[in-house]
Amino acid sequence: MLDYEKTYVESIKNPEIFWENIAKELSWYKPWDKVLDWKYPYARWFVGGQTNIVYNALDRWQNTDIKNKTALIWVSQEQTERRFTYGQLNEEVSKFANGLKSLGVKKGDKITIYLPRIPEQFIAMLACLKIGAVHSVVYSGFSADALKNRVEDAQAKIVICSNSYPYGKKVVESKKNVDEALKENKTVEHVIVVERMKSDEIRQSQIQSDKTSEKNSDSIQLNPIPSDFIYIWWHELMAKQSTECPTEMMESSDPSFILYTSGTTGKPKGIIHGHGGYMVGIYATLKYVFDIKPDDIFWSTADAGWITGHSYILYSPLINGITMFVYEGTPDFPDIEIWWRLIDKYKVTKFYTAPTAVRALMKFGEDHLKKYDFSSLKILGSVGEPINPEAWLWFYKHVGREKLPIMDTWWQTETGMFMITPVPSVKLKPGSAFKPFFGIDADVVDDKGNKVPTNTQGYLIVRKPWPAMLLDVYNNPTRYKETYFEKIPNVYFAGDSAKIDEDGFYWIVGRNDDVIKVSGHRLGSAELESAFVSNTKVAEAAVIGKPHEVKGESIKAFVILKQGVVPSDELKAELVQTVRKSIGPIATPDEIDFVEKLPKTRSGKIMRRVLKAQELGLPVGDTSTLES
Ligand code: WT7
């Protein structure tokens, strides 16, 4: 049994030695000259070392028994299965990598992947990294506008999407969003389209949805592909490619991917991760926290549109040589027993999900899980937002059958890897994310950087760099420095509030900036506000997050209409559509109030804190800077 306290104390005496020993377990084309180069605010790990994430995720298994082991089990919404061994996955990735090269893709080129949760999403990601291209995965639920901004910011050369894909009872016309997003685009040369649905399936589902449900905005079009020269079918591109493709040797700190995430300003920021440090961080954290064993079947219910899908659906499981399990559908499709049925049928051993899903499933009681055999399960995990003790206990009792530990992992797009997390051997407290992972020098401090007393709320910070730390914010080093390293001098500022109790356990309270967490998805107040204002009837808007039973937080907007515009329920519905169109269905506002005025500082900044306090009936606090 791993002794957490002893290992932690040892690791923190010299984190560089701790991480170096882990790096030695992985494959490098050329070893590093220096473990860490820390020039505030930039950390560069394994300097001089050359490797590639794909070299560790696929190549190194090809001459071992793992070549014939299942790398991916994928189950579609229709419950059909696709399986890939490490050998087969390697061939598919090599073929697609050659396909990209045939289109002129070179090391450092940016590629936007706008695919649903299908095997091609993973193949595309791995293929990019293999040839040193940088992927930017955009969640398939984002709207055309959101996609457009991300493609433009990254200056992508290629976009990869699917034609249409099933999402519960709906069909999402993904490619139509791409058409719209690329209307005025200047950088994209090719769009590669995966045929997720045949036209007859699309037609069939349209007939069904016409019969059974209201016409929704995702209603479908029958000609899935226009004749425009830049469009290429995935399967046609693949048909011509060889299964041999060399893996590019990357410098440890060369970028591997960009992932856009919301912050406090209107525009999402492109978080850049690397190859060497990132792979060492994600490899070690999964290995220790989920106690990885060779026959593990690891199921993370996230989507590769988020960091969890990068680090722990795809890259770390493959680097650890285990089997990843992926279900295409949602937790309630075809019915709310689907997750339990899949765990039972596929003998999943480690199950990693989000509090919002646990809370949603909790509402249906316990009968729906009782008939399933969960004896394969060994460890459970949670991520995305604080898990309330009630949900924790339900998860523990009914999925863990009072035997399995729950790893509540606190981390972020920026951290790349688990930061505050238990390991399976420790005693847990429901609702606490335990303590820092090995080598992580975290703390809770006040705004000057001084440690706050026990059980006092403060800012969660990290004092020393860790290997999977973001490399930068794409095209915006100023924002990198200001957001993460200047709020409190010399330390990484996470943007969360937390407390440390008398036993040293961390209790994450939530974000202390204007980031709203809706069902674990990160949305910025300013981003939502600019979506509202894009409607010409709106003069101004302020958006806050409110506690919500299932979603964690819900979106509430205060809207000032332009002169002469009459408030109405129809207008509210219209504004909901405006926001959905600008960001996507995950950003659907829950409440809209039309107001005459908003609380502002003398310099004109909206004081969302005041709105929030008022909305929740809490003391409004210091209002000395309030203009009116
Ligand atoms: C924010 C980061 C990391 C993968 C998914 C989210 C919140 C994340 C926890 C947890 C309490 C958590 C924080 C953090 N968060 N995990 N276990 N307990 N809060 O990644 O979209 O970058 O969001 O999610 O507020 O800052 P993300």
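Only heavy atoms go into these numbers, but all of them, side chains included; no hydrogens, no water, no symmetry mates. Since the model is a prediction, treat every value here as computed from it, not as a measurement. Each ligand, and each atom within it, is numbered from 1 in the order the structure gives.
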**Prompt:** What is the ring orientation for Tyr8 with Tyr4, classed by angle as parallel under 30°, tilted 30 to 60°, or perpendicular over 60°?
**Reply:** parallel

Test Ile583 against Phe142 for side-chain contact (heavy atoms from CB on, under 4.5 Å), laying out the working first. CA-CA 6 Å; Ile583 304 174; Phe142 275 128; 3.9 Å; yes

Under 4.0 Å between heavy atoms, the region of Ala433 that gets near ligand 1 turns out to be neither

Numbered in order shown, the ligand 1 atoms found under 4.0 Å of a heavy atom of Asp408 are 10 (C), 17 (N), 18 (N)

Note: ligand 1 atoms sitting under 4.0 Å from heavy atoms of Thr409 are 9 (C), 10 (C), 16 (N), 17 (N)

Looking only at protein heavy atoms, what sits closest to atom 11 (C) of ligand 1 is Pro386 N, 3.1 Å

*Verify whether the ring centers belonging to Tyr139 and Tyr114 lie closer than 6.0 Å.*
no

Here the atoms of ligand 1 under 4.0 Å from any heavy atom belonging to Gln412 are 2 (C), 3 (C), 14 (C), 22 (O), 26 (O)

Note: ligand 1 atoms sitting under 4.0 Å from heavy atoms of Val383 are 3 (C), 4 (C), 5 (C), 16 (N)

**Prompt:** Can the positive tip of Lys429 be found less than 6.0 Å from the middle of the six-membered ring of Phe505, inside 45° of the ring normal?
**Reply:** yes

Under 4.0 Å from one or more heavy atoms of Trp411, ligand 1 contributes atoms 2 (C), 3 (C), 4 (C), 8 (C), 14 (C), 16 (N)

Test salt bridge (Lys or Arg N to Asp or Glu O under 4.0 Å), reference Glu553, set Arg522, Lys612, Lys546, Arg511, output is Lys612

Between Tyr352 and the options Thr409, Thr308, Thr301, the side chain to side chain donor-acceptor pair (under 3.5 Å) test singles out Thr409

Partner of Glu385 under salt bridge (Lys or Arg N to Asp or Glu O under 4.0 Å), picked from Lys517, Lys551, Arg359, is Arg359

Ligand 1 atoms nearer than 4.0 angstrom to some heavy atom of Thr308 are 4 (C), 5 (C)

Q | Steps toward side chain to side chain donor-acceptor pair (under 3.5 Å) verdict (Asp513, Thr264) | A | CA-CA 7 Å; Asp513 52 11; Thr264 42; 5.7 Å; no

shortest atom 23 (O) of ligand 1-to-protein heavy-atom contact is with Lys517 NZ, 2.9 Å

Within 4.0 Å of some non-hydrogen atom of Arg522, the atoms of ligand 1 are 2 (C), 21 (O), 22 (O), 23 (O), 27 (P)

among protein heavy atoms, the one nearest atom 25 (O) of ligand 1 is Asp496 OD2, 2.7 Å

heavy-atom search around atom 7 (C) of ligand 1 in the protein gives Gly384 O, 3.3 Å

